[in-house]
Every structure is written in C-alpha cells, then in structure tokens.
A.B. asks: 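A single structure is presented below for examination.
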Amino acid sequence: MTNTSIDTIWYTRCPVPTASAIAISNGWLDEEFATDSIAVRSLRASADRSVRESHFNHKQANSFRHGGNAPPIWSRSQGQDVVVVGLTWLPQYQSILSLPSTGVRSLADLKGKRLALPRRVNEKMDFWRVSALQGFLQALATVGLSENDVELVDLPIEEPYIGELTTSDTGALFDARQYASSARAETFALIRGEVDALYNYGSAGPALQAFLDATVVADLNHHPDRRVAINNGTPNVLTVSGELVRERPDLVARYLAQLLRAADWAREHKHEAQAIIAREVSVADEWVPYAFGDDVHACLAPTLDPELVQALEVRKDFMLRHGFIQRDFSIDDWIKPEPLAEAKRMVEQSQRSQATT
C-alpha cells in the first residue's frame with residue numbers, strides 16, 4: 001500500500017439488483033469514506049459525457065462499476081486498466097417471446113423464422129445486441145438448431161444508451177424512460193410482423209410479456225442447464241480501476257466490505273431490499289419477483305466462485321468468436337481476488353467485535 005492521495009471515488013451501476021445499490025441507498029459508502037474526506041460519487045454527478053461514458057469504457061480513474069459483463073469484457077479487450085474483484089449470478093427474466101399469431105410455440109418452431117437483432121449504430125459496445133445473439137443461439141442449440149437455421153433481422157437504432165440526464169451525486173445513468181424504451185425497435189418489428197420472435201431480459205421483460213400477451217418460446221432463466229442462461233447479467237461483474245487496486249488496495253477492500261455488509265442486510269430485510277431494487281430497475285415493487293425471483297435479496301453478495309469465473313470465460317469466448325471483441329485475454333489474469341478476501345476478513349472481524357460487546 002502507498003500513501004497515494006485520493007479525494008474522490010467514482011461508481012456506476014447498471015439498472016439491475018446489486019449490493020452496490022443497497023449500499024448507496026443506505027448511505028454506507030459515503031459514511032465509510034467521510035472520515036478520509038473522500039467523496040463517493042456516481043458518474044452521473046458529472047455533466048461531462050466523457051465521464052459518463054466510463055460506464056462502458058471504464059476510463060474514469062478511481063472508479064467502480066457493478067453490472068453487466070459485456071462492457072468490462074470489451075474494455076479489457078481494448079487494453080483498458082480494469083480488473084474484476086467480484087461476481088454474482090443474477091437470476092433474472094430472460095426469454096424469447098413471440099406473438100400467438102405467428103404460430104411459434106417452441107424453440108423447434110423457430111426453424112426458418114425471423115429473429116430480431118437490434119443494432120445500436122452509434123455505440124462502440126453494443127451490449128444489447130450481443131445479449132440477444134447469445135440468448136438466441138444458446139437457446140437454439142438446446143434443440144439442435146443453429147444460426148444457419150434462422151434469419152437474423154438487423155434492426156438499426158440511433159438512440160444512445162446513455163441519454164441526457166440531470167446531474168446527481170447518487171443517481172444512476174439510466175432512468176425509467178430509457179429502460180422502458182430499451183426494446184422498442186424489436187417490439188414494434190414484432191407487432192408489425194417484420195420478425196417472428198425477440199429476445200428480452202431484465203426487469204422490463206415481464207411487463208413486456210404481459211403487454212404483448214406473448215408466447216414464451218423459451219425461458220432461459222429457468223432452464224435446467226444453468227449454462228444456457230449465461231449472458232450479460234449472468235454473471236454480473238464488479239470491476240474497479242486497476243491503478244486503484246495497485247495503489248490503494250485498502251480503499252478497495254473497504255469499499256467491498258460495505259457491499260458485503262449491504263448483501264448481508266438485504267438477506268435480513270427482504271421487503272426493504274426489494275423496494276430499493278424496484279427503484280433501481282424502474283419497475284413497480286410487484287414486478288421484482290417476476291423479473292428476478294422472490295429470493296433476489298439473498299443473491300447479492302459478490303464472490304469469485306469457480307462456477308462464475310467459468311461462466312465469465314464462456315461469455316468472453318462468445319464475444320470473441322462473434323466479433324464483439326477483437327483481442328483475447330486471460331480471465332484468470334483479469335481477476336484480482338485479494339481485495340474481496342481482505343473485505344471478508346474485515347467484515348468477519350467486525351462481526352466478532354460486535355458479538356463481544
């Protein structure tokens with residue numbers, strides 16, 4: 001550890017359930033670093049778009065990111081100094097949907113059909129496109145079909161992922177309006193009869209399914225082989241600036257300790273945790289169990305379990321094979337286990353201390 005001075009720690013998180021969201025909502029990150037005169041701020045606190053874009057490229061110094069794995073995989077492949085310090089398997093809605101009028105009832109019925117594949121024309125890292133492609137191909141493979149058996153319909157979209165939002169010290173970069181419109185192109189293509197099926201995942205999925213009265217062609221989240229569900233949020237990734245890990249590992253461990261505290265709190269406060277999650281993902285509370293399962297509050301602790309590391313490897317290999325990243329890299333070298341191990345030691349020490357007082 002060095003005495004490198006830090007005055008601000010930055011964070012960003014995706015609109016998904018995370019221990020980060022719990023810690024932010026409860027004010028624990030601010031509390032942890034206040035005595036060090038270190039501000040803890042969301043990327044949204046800056047009006048500078050280049051700072052906000054760090055959600056995808058991880059270029060902001062001294063920053064943490066918690067959420068989908070495609071952007072950090074892409075950033076690492078680009079040579080960005082970013083490391084993985086935690087993983088979570090987030091059970092979440094992940095389905096292929098069709099309309100009753102198409103006659104598509106099962107995955108086998110997709111042979112020869114048109115599948116919606118959105119493409120953000122102004123984004124260097126199109127995480128939604130790679131998610132849809134992987135969702136389709138992994139589902140098709142379970143019934144012996146491949147990309148050659150279907151027609152992938154390209155749907156160009158000009159809107160950026162990060163819209164124009166007011167500044168906020170703790171706010172996320174994605175609001176309810178942006179999330180609600182995330183599947184607009186493929187939904188209208190389905191309604192107009194230009195495609196026969198679409199892929200959707202996350203908190204907006206159950207509402208979209210209900211609105212369309214859609215046929216669930218495949219429920220990837222509940223497939224008996226969990227590998228079929230590997231995608232952008234499975235596993236979710238907690239990353240941090242590499243320089244911060246090297247220069248101030250103490251700060252990284254303290255940050256992670258607050259996330260472990262948040263995960264423990266969520267396990268003991270189901271309804272309060274679900275309310276925080278609902279705000280984070282921009283849905284009514286009642287949709288949270290449909291989108292993420294009734295026990296999502298117990299699934300938030302960052303780990304580095306070998307199964308999740310292997311899932312991250314599968315995800316990286318898929319992105320490389322299909323041209324979403326250009327350079328390969330080692331997942332094992334990308335992961336730095338020391339901060340999480342130290343954070344766990346700190347939490348255990350704190351618990352022992354509290355038990356004796």
Side-chain angles (χ1 to χ4, degrees), residues 1-14 18-67 71-72 75 80-86 88 162 165-173 236-266 276 280 300-302 335-351 353-354:
M1 184 181 73
T2 72
N3 293 320
T4 302
S5 177
I6 302 291
D7 59 15
T8 304
I9 292 175
W10 297 88
Y11 62 74
T12 182
R13 75 279 193 192
C14 294
T18 61
S20 293
I22 303 294
I24 292 163
S25 180
N26 288 337
W28 292 337
L29 294 175
D30 290 332
E31 177 185 284
E32 171 65 26
F33 295 102
T35 56
D36 303 272
S37 298
I38 296 175
V40 187
R41 308 175 73 193
S42 167
L43 293 181
R44 188 174 160 184
S46 173
D48 186 340
R49 188 167 188 84
S50 66
V51 173
R52 295 185 173 194
E53 287 290 344
S54 184
H55 181 83
F56 293 109
N57 60 35
H58 223 302
K59 289 187 176 181
Q60 180 62 38
N62 304 323
S63 64
F64 289 80
R65 182 189 185 280
H66 205 169
S75 295
Q80 192 61 35
D81 184 16
V82 54
V83 299
V84 173
V85 291
T88 55
I162 297 178
L165 297 173
T166 57
T167 58
S168 167
D169 274 353
T170 60
L173 289 170
N236 263 347
V237 179
L238 176 61
T239 49
V240 61
S241 305
E243 184 178 13
L244 189 62
V245 172
R246 293 188 298 274
E247 297 296 325
R248 294 300 305 268
D250 56 317
L251 299 183
V252 177
R254 287 168 59 190
Y255 190 103
L256 293 183
Q258 292 306 312
L259 302 195
L260 294 174
R261 173 190 179 189
D264 287 341
W265 179 89
I276 293 171
E280 281 287 300
L300 303 180
I335 295 172
K336 303 302 179 187
E338 294 83 6
L340 185 59
E342 175 62 14
K344 289 180 178 179
R345 188 196 65 77
M346 293 168 65
V347 170
E348 291 169 359
Q349 185 179 47
S350 176
Q351 291 172 341
S353 176
Q354 291 174 9

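Both backbone and side-chain heavy atoms feed into the values below; hydrogens, waters and symmetry mates do not.
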A.B. asks: What heavy-atom pair brings G171 and R44 nearest, and what distance separates the two atoms?
C.D. replies: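 Closest heavy-atom pair between G171 and R44: O-CB, 3.5 Å.
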A.B. asks: May I ask you to say whether R345 pairs ionically with E342, meaning some side-chain N is under 4.0 Å from a carboxylate O?
C.D. replies: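 Yes, R345 and E342 are salt-bridged.
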A.B. asks: Describe, in one word, how the ring planes of Y255 and F64 are oriented to each other, choosing from parallel (under 30°), tilted (30 to 60°) and perpendicular (over 60°).
C.D. replies: parallel
A.B. asks: Identify the heavy atoms of G86 and P302 that sit nearest to each other, and give their distance.
C.D. replies: CA-CB, 4.2 Å
A.B. asks: In plain terms, say whether R13 and E280 are close enough for a salt bridge, that is, a side-chain N and a carboxylate O under 4.0 Å apart.
C.D. replies: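 Result for this pair is yes, salt bridge flagged.
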A.B. asks: Output the distance between atom NE2 (H66) and atom CG (L300), rounded to the nearest 0.5 Å.
C.D. replies: 8.0 Å
A.B. asks: Any side-chain donor paired with an acceptor under 3.5 Å for D48 and S50?
C.D. replies: yes
A.B. asks: Can you tell whether the side chains of R41 and D30 come within less than 4.0 Å, N to carboxylate O?
C.D. replies: no
A.B. asks: To the nearest 0.5 Å, what is the distance between CG (D36) and CG (D7)?
C.D. replies: 12.0 Å
A.B. asks: Measure the spacing between CD of Q351 and CD of E348 and express it to the nearest 0.5 Å.
C.D. replies: 7.0 Å
A.B. asks: Between E31 and R261, is there a salt bridge with N-O shorter than 4.0 Å?
C.D. replies: yes
A.B. asks: Examine distances only and state if a side-chain atom of R52 and a backbone atom of A45 form a donor-acceptor pair shorter than 3.5 Å.
C.D. replies: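 No, because the side chain of R52 does not come within donor-acceptor range (under 3.5 Å) of the backbone of A45.
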